Every structure is written in structure tokens, then in C-alpha cells.
Amino acid sequence: MRSRRAALATFAGVASALTLSACGQQSGDAEDGSKDGTIGIAMPTRASERWITEGKSMVKDLKEKGYKTQLAYGDDDPDAQVSQIADMVKKGVDALIIAAIDNKSLNDVLKQAAAADIPVISYDRLILGTEHVDYYVSFDNEQVGRLQALYIIEKLGLEKDKGPFNIEVFAGSPDDNNTKYFFEGAMALLQPYLDSKQLVVQSGQTALDEVTTLRWDGATAQKRMNGILAKSYVSGKVDAVLSPYDGISIGVLSALKSYGYGTGSKPFPVVTGQDAELASVKSIIAGEQSQTVYKDVRELGGVASEMVDAILSGRTPKLNNRRDYNNGVKAVPAYLLQPTSVDKSNYEYVLVAGGFYTDAELK
Ligand code: GAL
């Protein structure tokens, strides 16, 4: 069995015999490759397209590098994800790539992984409160929030002193570490306009714990938006909604539609999003959702696959941030990619020319 310490500490290309067992499991594929290694990939949910895309793309990348893979989806159930990872550890995978459902629920299972010398990459969402996470690969998550806020600032003309405008703010799942980065990145830029009253939150709900959306669920967001519209917008209208994720944006837009928005006299507010999900890109083209933040998850999967290969081959993984992502126990060395703001004006260039969607898919 390969020593995790050898892989992580020496980076010296120590060749170890890899003892493997090919494993298949729920929604998992054991792909045949020529290298003697199996990589466990634990993804959080199939409710959002991105995780399906990158699950597939990592299986492909790792297969091309010669590894076998075991891919599992936790379907938003933290306990199920813990069992899936425990199963991968038991079957002797050589490395784990984990996008956590609940960032704090994995401590025990990661102790088992460490005891079995299995390196762990925290994927997209940082795993908190444990020393047993070796690397983090993600996007610059604060920048995601900044891009959403900048879009609102620009579209409302806040820098030109326009206003006052009504805004409502939404955040992601409270158990996802990314939530606070998205929210804080956005709110830091919006705060001056809230202070100057160019932006007004009629619901009064601005604290993170008042605006989160458990498991990023669109229906939960829709319900909250319905409540806000019923209570705080009996007169007056919403001009902007800070939404951190496309699934939430779609829920918010459904609530807005049921309150008569989207007509000549009551246009949709500026609604942000994230992930460039198909439904949201179509909504942007149709003039409903205003913006999304595109993250090329194929590229992220590629970085994770490359990192695993480096670790298991005794090479130093490529890193570009060693400081900023502290999980409460240590600063986890990270590689971060940059997100891109997308709206009607540039979706063709970014998403279609970039090969993420075809024109036909967007019809
Ligand atoms: C976050 C992720 C976002 C979005 C969201 C809901 O952790 O960074 O891109 O996908 O989860 O799945």
C-alpha cells in the first residue's frame, strides 16, 4: 500500500506498490485504466447539473491518465455521503476527491482515510475542522460574489448615484463553506450602497443566517421570496435580487412571476446567479434571469485529476494559494480558478464558443 506520507511529504517519486481493489457502487463506475490505482470521487448531488458534468469529466480525465475510478453521488444526504466515502476507504482507493455536502460531517471518515494513508482533495467546497485534508481545488469563491454584486451595481447605475432601489438578498446552504465566501464577496461591494440608502432591503433580512437556503434548494428560495413579496412589497417593487446560484435564481423568478413580474409595467428585477446551468442560460436569453457566474467545471475537474496524478506519482501538485483557505485546523494548500460573469451580451462568446453548450442546446 502506498504511504500517504511518502506521497505528500517527500514528493520524491517514491515508487510504491499500489494495492487496489476495483470497486463499483451506487451510481459508480469502475473504469479500466492501465495505471494501478483507483480514485474515489464523492460528489454531493445530482440536483444540480454541474456535479454531473464534472463527475463525468473527472472519470474521463482520470481514465485517460490510466486510473480506475469509483464515482458516487450523495444526493444531498450527508450521512449517505459519509457511508459512500467509508466504503471507498474500505475498498482501498488510492486517493479521494470529495465535494462535501456538509462541510463538518466528514471528520470521522477522514480519520479512517488518514489511517489508511489515502490522500484527500477537498473539491470545490472546503472541508472544515480536520487536519486530514491535503489540498483544495476550487474557484475564487469571493470573486464569484463580487461579480454578482458588480453586475447589480452596474445595471442599477449605483455608481452614477441612481436610486433608491429595493434589493433582496439570498445566500446558499448554511453547511457549505462556499456560502460565506459568495455572500461576503458580494455584500462587501453592496454595503456602501446599503449605507447610503441607494439600496434598501425592504424585508430587513440582510444577515447571513437570515438569508441562507438549505441545500441550495430552489423551492426553498421560492417560498422565502413569496413570503417577502407578500409581506414587504404590498406596494413598491423589487429592483434587484442577489442570488448566489442558478437553482435559487429560478426559484426566485417563479415567485416573482406569481406576483406579476415580467410584464411591461412590472419588469423583472436584476437577478444574478451562478453555474451557467442550462435552464438559467435559457432564462437569460429569454430576458428573465439577468446574469450568471460561469465556472468551467471541466477545467476544475482537470485540475483535481492532475493533482491526484501528481500526488500518486510523487510530483508536487500545482498550487496557487497556500494561505487563504483555512479550514479551522490549517491553511489548506489550494489551486483556485477564476470565474466569469455571463449575461445576454456575452453568453455566445463564453459558453457557445467555449464549447460548454451548443447553440442547439440553448434553443
Ligand atoms: C456550491 C458551488 C456552486 C453551486 C452550489 C450548489 O458549493 O460552489 O457552484 O454549484 O454549490 O450546487
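Computed from a prediction, not measured in an experiment: that's the story for all the values here. In listed order, ligands and their atoms are each counted from 1.
Only side-chain heavy atoms of F182 come within less than 4.0 Å of ligand 1; its backbone N, CA, C and O stay farther off. Here T179 has no heavy atoms under 4.0 Å from ligand 1, in either its backbone or its side chain.
Residue pairs meeting the ring pair (Phe, Tyr, Trp, His ring centres under 6.0 Å) criterion with at least one member in residues 86-131: none, sequence neighbours excluded.
Closest protein heavy atom to atom 8 (O) of ligand 1: D124 OD2, 2.7 Å. For atom 12 (O) of ligand 1, the closest non-hydrogen atom on the protein side is W51 NE1, 3.0 Å. For atom 3 (C) of ligand 1, the nearest protein heavy atom (residue, atom name, distance) is R50 NH1, 3.5 Å. Protein heavy atom in closest approach to atom 11 (O) of ligand 1: R125 NH2, 2.8 Å.
Remark: distances from the non-hydrogen atoms of F139 to ligand 1 are all 4.0 Å or more.
Ring pair Y325/Y136 is tilted by interplanar angle, where 30° to 60° counts as tilted.
Atoms of ligand 1 lying under 4.0 Å from any heavy atom of K295, numbered from 1 in the order shown and given with element: 2 (C), 3 (C), 8 (O), 9 (O).
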Side-chain donor-acceptor pairs under 3.5 Å in residues 225-233, sequence neighbours left out?
residue, atom, partner, partner atom, Å
N226, ND2, Q222, O, 3.4
Y233, OH, E168, OE2, 2.5

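Not a single donor-acceptor pair under 3.5 Å links the side chain of D134 to the backbone N or O of I121. Under a 3.5 Å cut-off, the side chain of D140 and the backbone N or O of Q338 do not form any donor-acceptor pair. Checking side-chain atoms of T179 against main-chain N and O of S173 turns up a donor-acceptor pair under 3.5 Å. Panel note: side chain D275, backbone E277; no donor-acceptor pair is recorded below 3.5 Å. With hydrogens and angles ignored, the 3.5 Å screen pairs no side-chain donor or acceptor of T69 with any backbone N or O of L71.
Among D217, D275, L300, the residue whose heavy atom lies nearest to atom 10 (O) of ligand 1 is D275.
Residue-to-ligand polar distances keep T45 apart from ligand 1: every N/O pair is separated by 3.5 Å or more. Inclusion of N141 in the set of residues having an N or O under 3.5 Å from an N or O of ligand 1 is not warranted. Note: an N/O pair closer than 3.5 Å links D176 and ligand 1 by distance alone.
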